[in-house]
Structures are given as C-alpha cells and as structure tokens.
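For reference, the structure discussed in these notes is given below.
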Amino acid sequence: MPVSEGHESLISEDAQKIRRRKANFEQHLCPKRAASEYTVSQGPSDSEMADQDSTGEGDIMEEQVRTDDPSKSPVDEGDPSVVDLSVVDHNVTETTVSNSAADPHPIEADVTIQTLEESTGAFKKKAPRSSFKPRETCLFSGQKPKTAETPFATTTEVPISASVVADEPVDTANEKRCVTVLTRWSQCDLERGVKLRFSQRWTLLCKHDTVEHVLPSGTSSHTEKELLSCHSPSGTLQAVIREEAGHQYVEVWGQNGLEKSLDLTALNKHGKVYEDAQFACLAWSPCEKKLLYVAEKKRVEPSAHSSVASANEDGGLVLLEEQDKNIYVEDWGEGLVGKSCPVLCVADLNKGAVIVYAGVPPHISPGQALWAPNGRGVVFVGQWNEPFRLGLKFCSNRRSALYYLDMKGNCECLSAEGVSVSSPRMSPDSCWIIYLQGQVFGPHHQCLKMMLYDMKNRSTSVLVDVVRRAEKGQFAGIYESLPSQCWSADSERIFFSSACENNKKVGFLSSMDQAEDMQLCSVGGADVYEGFDWQPMLITPPSQEENHQFSGLNFGAILLKPYNPPERRKTPLVVNIHGGPHAHFAADWNATAASLTKLGYAVLMVNYRGSTGFGQDGIESLLGNVGSQDVKDVHRAVLCTLQNETTLDPDKVAVMGGSHGGFLACHLASWKETPSSFMEVLQPVLSSGLLGSGVCQTFPRNS
C-alpha cells in the first residue's frame, strides 16, 4: 500500500532499500523478470528475425508493414474466427525490389507438405500487480513513459504446449462429438520474481470437422512444482512427476483426485529424475499400469561389500557403481549440469515399485524413450559418451542412434551409424516410428531429415529431406524438435512447426492423394493492450559482401516500431542479435522486444546468414566466416534500416545480444564505421541494466 510522507520514517531502512530496488527494476525491465522465455541471456534459444535495406550496393526485398490497432481487436466479435490455412500470408503483401536470388533446389518427396501461417496471437491484458512511480523521462528515448498498463507491472502468458486429451461422440447420428484440449502456459509473477506454470482446459463441440461452439475454459490451474506430466492413452489418467521439500514423487490423478503416489526419493533406486529436452520422457505403457522415465544413475558410497545391485524389469540384478568423490564426474554441460549417466526407469503402479532397465550399452546415454508396441520393450535415443559429454544442449550434431531394448536386456540399433538422431515418435497404430536425423559434426545446429521406420518390415526411408534452398515463402526445412503428439489419430498425418525465413510455420504431412485444405480455429480470446508496427524484410548482400561459395543467399530481419511515436521526434533504435549462431528470430511473441517498443524504442532483430529457416546452404555459409560474414550482415541491416526509415534516429543506436549475439555486439561496437554517437548512447543503456547479462558491457570507445 502507498505510505504517506508522515509515516515514511516508520519503514525500516532495509524495507526502503527493497522498495527502491523494486521500483528501479520495474522501471528498467530486468530481463530476469521479463514475461517471456525468449530473454536476452538465453542466446541460442532466442527466435530470430532480420532486416536489411539497400544503400545502393545491395538489394532489399521488403514486405508490407503490418499494424495492429488496439481499437480493432478481433476478440469483440463473439464467435471464434476461422482462418483459411494457406501458404500465402494474407496479412502481409510482399513487394520485390531486388534481383532474383540463386536458383532454389527443390526436394522431391513422396509426401506433400502443406504449410499454414501461424497466426500472431494477441496479448492478454492483466491488472497491474503493483504500483510504482516512474521516471519523468525514459533513460534512452527521453520520452515520458506511460503509467497505465505498462509491461513492467503486467505478466504475459506464453504458450508452452497443447494436446487433445479427450475426443468423445455425443450424437453419433449427426456426427457430433466433444473434444477436450489441454493447454499449458508460462507466466512471470513480478511480485515474487518467479516463473509460474498453469493449465487451461477447453471444450470444443464439433460436427464433422467443424468447431461449432467453444465452451468457456473456466479457471486456470496452477501446475505447482511439476517437472513432467503426461495423460494416459485412454485420457482418464494423468501422471505427474513433482518435486517438493527435496523429494521427487510420481502422482497419478484421475476423475476422483489423487489415485496413487510413489516417493521416488524414498525408494532410492536412482538419482534425480531428468526433466530436460535432451533426455527426459514420461510415457504410459499401453496397459496404463506402468510409467517410463529417465533418471540419473544411482551411485553408492564405497563400502566393504564386493558388489551392490538393484532389480531390473526381468528380475535380474543391475550392478550399481561405487562413487569416489575424489574423481571428477563429467556431465552433459550447459543446462545439463549434474546429469552424467542417465538410466531408463519404470514405475510399476500396481506393485508400487521402481525398476531400472538393464541392457543399455555402456558407451551411450539413453533418453527420449517411448514404449514399443504392446509394451514389450522400449525405443530410445542413445547419445555417444565419447569423445566427451559436454555441450549436448546447444550441439544437436552429437553422434547418436535409435535403439530398441526388450524386457530381457537385448539392445538393437534401428537407425544408421554415424548420424545424429532425435525426437522419435510412434504412430497411434504402432506401425511406424518417425524421427529426425542430422549430420555428425559440422554446424552444431542444422537442417534435419525426417526419417520413417517401418516396424513390420524393419526398414527405414527418408520422409522429408534436407532443404538446401527454398523458394520464397515455401517450406524451408526442419530445424526444431517434433511435438510429443505429432501424429493424427488415423496415423496418416504428421503435424509440426519449423522456422521459415522470418516466420515460423505450422504444417502437416500427408500422402499425395490425400492432400486437403485445413482450417485453424481460435478457441480463446485475448485483449490487445498495446499495438506496434512490425515489418519483416529479406536483404540481399552487396557484391563485396557475397560469399562466393554460397552466392545468392539472402538474410532477414524484423523491425518493430512504436505504434504511436511522438511527433517531431525521431525514434531511437535497439539492434537485437540472436545467439547460436544457428538460431532464429521469428515473428512471434517476444517480451523483450515488446517492452522496448513500449518504452519508445524501435527494435531491429536480425537473422544474419547462418541463421536457421533459410536452408542448409545459409547455415553452412557461416562456417569459417564467423566474426566476419555475420558482423557484416548485421551492420548492413542497420544501414539499410536507417536509410529507409526516416523516422529513426541515426544518432541513437544501441546493440544488444546474448552468447554469440554478445560476441557480435563486441564486433559492432568497435566497427570502423560506427559513429561516435553510437557509443555515446550505448553507455547509459548499459548502466541502466535494461539489456541484462547477455550484453557485452565493456566496449572500447575509439577502437
């Protein structure tokens, strides 16, 4: 509550310091409290966009500016809007002002790839969680910040996942059914400075393939301290792995509440359960009596006993390693600290016991496991431990393979040797396994193949090949993990999303004779609390900046500008550079960019050559040219933007980035053509803490 001046002295000095710190934090938008998973310090996980304009030396292909007007929110229209899904984005009209790029190399396949432009969701309005007195003027732009509905006191919901958990007929004669969709979201609580997760359930009343009514979602549920969760095949049960007070539990929830709970820590069969994206899994067996997951191998203290063992699935014994605390144990690196030797574990819900699988070859680390047909074994990805474990999270080019392990401990390799494998997904009819496959070594993140394994004939074929270069706006390859539930119920279609130039597209695969049009239906409304202009661009480097080994490559950028800039005052520009370097800025929600725009800045997010979403040639073009080609691309994008956007202030330009983006920021800050005004405006922004730990914070003034 506000405190009057007469009672100010009653507040302790520590409390006043905390209050001043909070006000300063809210004012300068500390990235640790940003309501998004795309923060500056995350580097390689940032999505990427690029913009470049012509200075007479290079050409630019520019798309029409799109404006989101807060006064014209589609939410006011009651019924959910239905959007026609086609390759063409009807909201953006492209004009080409450049020479044609190099000839694309289309890939022939036995399937059709239909792409759907992902709609840019509106931003939800929330009541302020706290009040604060803002500065009179913004530290960088010199404008007076708005005090109402600022993003500092607002938490933004970021979608994590969605799945269909029930599909039941309600009127068979009229082909009506009821579909239940479970969505999971992330949200920051600015009061406590923590990231929260919650879920929403949507009930859809459908007729044929059309959504007739969407029932209100009701109150959201806080998924407190959940590490992993998964619905059973029948949709009647939900398994949750939860951590509380130093213990990890397996919980099974049904229609009448909690049905079973196992204390994994007390059972003492393994170490911590894995919850990461590289190894973790939680899968129901077909009989819904067992749960499959991955955990750290249990290590026992040295003792006088000659051997220590634990029971496995077949009733045999698994020898446990003795732990010598004087010996260094190598883990899997950044984001996977403390994770060294994963094991496959099964929780038997009827017996209330945990079993550790035996038979995994000692030279690999298992993960991303799923049940084989009829639950008679498991399929998993095995990561090679040699030559070393470090660097798996941001290096998808590590050697790995797909394996099948039966109940007796017999292990068989299903994929080719000498490749990198990820995202195995079993079809609902248990006849097919799809997975992603890439090269070993080379670019640490690259365009991937989608492989199809025939369980009956035990053969493998290429479903989607690597895309070297794509025609403009067309499918540009697969660069991301597959969704956990990517198969359609009839095992005929595969749904996924992937980077495509400055966008992220949703698409599906089907056989040639079953190509069809599909529609997206919005199930939830959102209020637009702030609008801004955004402009995606494709830039052609000038001849002196061409990579002659990969000539004709374009790169991209996205420019965001305040919706209502002040009159007779130019807008300062913040250049945001993604990490990776093989990562991507997409035209989706980015809390950092939106907050800077709210403060009065324009934001330029650059997808330099080497970013994902532009084909494998673009990625390979950066090899051997790091610190040169990428620096020139960002510099070119800034020059083009300043030339074409006369509302931007060339004397107020700052640069920010994390990881590889911070590396490029150092180069750009000492670029020989960088004006002195660039450094003059950069220092106050850095000192404010606005850009966070991902920014290079010491730049030589006149280097």
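Sequential numbering from 1 along the given sequence is applied to the chain's residues. None of these values were measured; they are calculated from a predicted model.
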Residues in salt bridge (charged side-chain N to carboxylate O under 4.0 Å, His left out) contact with K272, at least two apart in sequence or another chain
E243
Does the distance from a Lys or Arg side-chain N to an Asp or Glu carboxylate O, for D617 and R468, drop under 4.0 Å?
yes
Is the shortest side-chain heavy-atom distance between M450 and I494 below 4.5 Å?
yes
If you round to the nearest 0.5 Å, how far is CD1 of I478 from CD of Q437?
12.0 Å
Validation: residues 274-283 side-chain donor-acceptor distances under 3.5 Å, sequence neighbours left out:
| residue | atom | partner | partner atom | Å |
| --- | --- | --- | --- | --- |
| Y274 | OH | E296 | OE1 | 2.3 |
| Y274 | OH | S340 | N | 3.4 |
| D276 | OD1 | Q278 | N | 2.9 |
| D276 | OD1 | F279 | N | 2.6 |
| D276 | OD2 | K339 | NZ | 2.9 |

Evaluate side-chain contact (heavy atoms from CB on, under 4.5 Å) for I364 paired with F380, printing each intermediate quantity in order.
CA-CA 11 Å; I364 62 174; F380 67 92; 3.9 Å; yes
Using the rule side chain to side chain contact (heavy atoms under 4.5 Å, CB included), only one of S400, S420, S415 pairs with V381; which is it?
S400
Heavy-atom closest pair, residues H444 and G580
CE1-O, 2.9 Å
When you look at F614 and L538, which way does the side-chain contact (heavy atoms from CB on, under 4.5 Å) test go after all the steps?
CA-CA 11 Å; F614 293 81; L538 287 180; 3.8 Å; yes
Heavy-atom pair with the smallest gap, counting every atom of Y435 and T460
OH-CG2, 3.4 Å
Would you say that more than 12 heavy atoms from the other residues, nucleotides or ligands in this model lie under 6.0 Å from the CD of E330, or not?
yes
Whether the side chain of S481 engages the backbone of S423 through a donor-acceptor N/O pair (distance < 3.5 Å, no angle test) should be reported.
no
Can you tell me how far OG of S498 sits from CG of L448, rounded to the nearest 0.5 angstrom?
8.5 Å
Heavy-atom check, side chain of P159 versus side chain of T183, under 4.5 Å:
no
In Å, rounded to the nearest 0.5 Å, how long is the span from OH of Y453 to CG of L414?
4.5 Å
Under-4.0 Å salt bridge between K632 and E546
no
Which value, rounded to the nearest 0.5 Å, describes the distance between L573 atom CG and Y601 atom OH?
11.5 Å
Test item: Q446 side-chain N/O and G438 main-chain N/O as donor-acceptor pair under 3.5 Å:
no
Taking D331 as the fixed residue, which of L392, V337, L336 is the one that meets the side chain to side chain contact (heavy atoms under 4.5 Å, CB included) rule?
V337
Interatomic distance, OG@S659 vs CD@E334, rounded to 0.5 Å, equals 7.0 Å
Residue pairs, two or more places apart or on separate chains, that pass salt bridge (Lys or Arg N to Asp or Glu O under 4.0 Å) and touch residues 604-616:
R609-D633
Does the side-chain hydrogen bond (donor to acceptor under 3.5 Å, both in side chains) test come out yes or no for S621 and Q629, once each step is laid out?
CA-CA 9 Å; S621 71; Q629 176 177 290; 3.1 Å; yes
Side-chain (W487) to main-chain (R425) donor-acceptor, under 3.5 angstrom:
yes
Parallel, tilted or perpendicular for Y608 and H660, by the 30°/60° rule?
tilted
Below 30° counts as parallel, above 60° as perpendicular, anything between as tilted: where do the rings of H667 and F663 land?
perpendicular
Distance col, row T612:OG1 vs E480:CD, nearest 0.5 angstrom, shows 7.0 Å
Looking only at heavy atoms, the pair that brings V574 and M656 closest together is CG1-SD, 3.4 Å
Where do M451 and L436 land on the side-chain contact (heavy atoms from CB on, under 4.5 Å) test, with the steps shown first?
CA-CA 6 Å; M451 309 298 294; L436 301 181; over 6 Å; no
Kindly write out the residues that satisfy salt bridge (charged side-chain N to carboxylate O under 4.0 Å, His left out) with E386, not counting sequence neighbours, or none if the list is empty.
none
Can you sort out the partners of R184 under salt bridge (charged side-chain N to carboxylate O under 4.0 Å, His left out), two or more places apart, ordered by chain and number?
E226
Please name all residues satisfying ring pair (Phe, Tyr, Trp, His ring centres under 6.0 Å) with H363, sequence neighbours left out, ordered by chain then number.
W384
Heavy atoms of N397 and P443 approach each other most closely as ND2-O, 3.4 Å
What pair of heavy atoms forms the shortest contact from V603 to N576, and how long is it?
CG1-CB, 4.3 Å
Would you say D630's side chain and S628's backbone share a donor-acceptor pair under 3.5 angstrom?
yes
Could you tell me whether the side chain of I577 reaches within less than 4.5 Å of the side chain of L668, counting heavy atoms only?
yes
When you look at Y479 and I619, which way does the side-chain contact (heavy atoms from CB on, under 4.5 Å) test go after all the steps?
CA-CA 11 Å; Y479 304 90; I619 292 176; 3.8 Å; yes
Closest non-hydrogen atom pair, P536 against N502:
CB-ND2, 4.0 Å
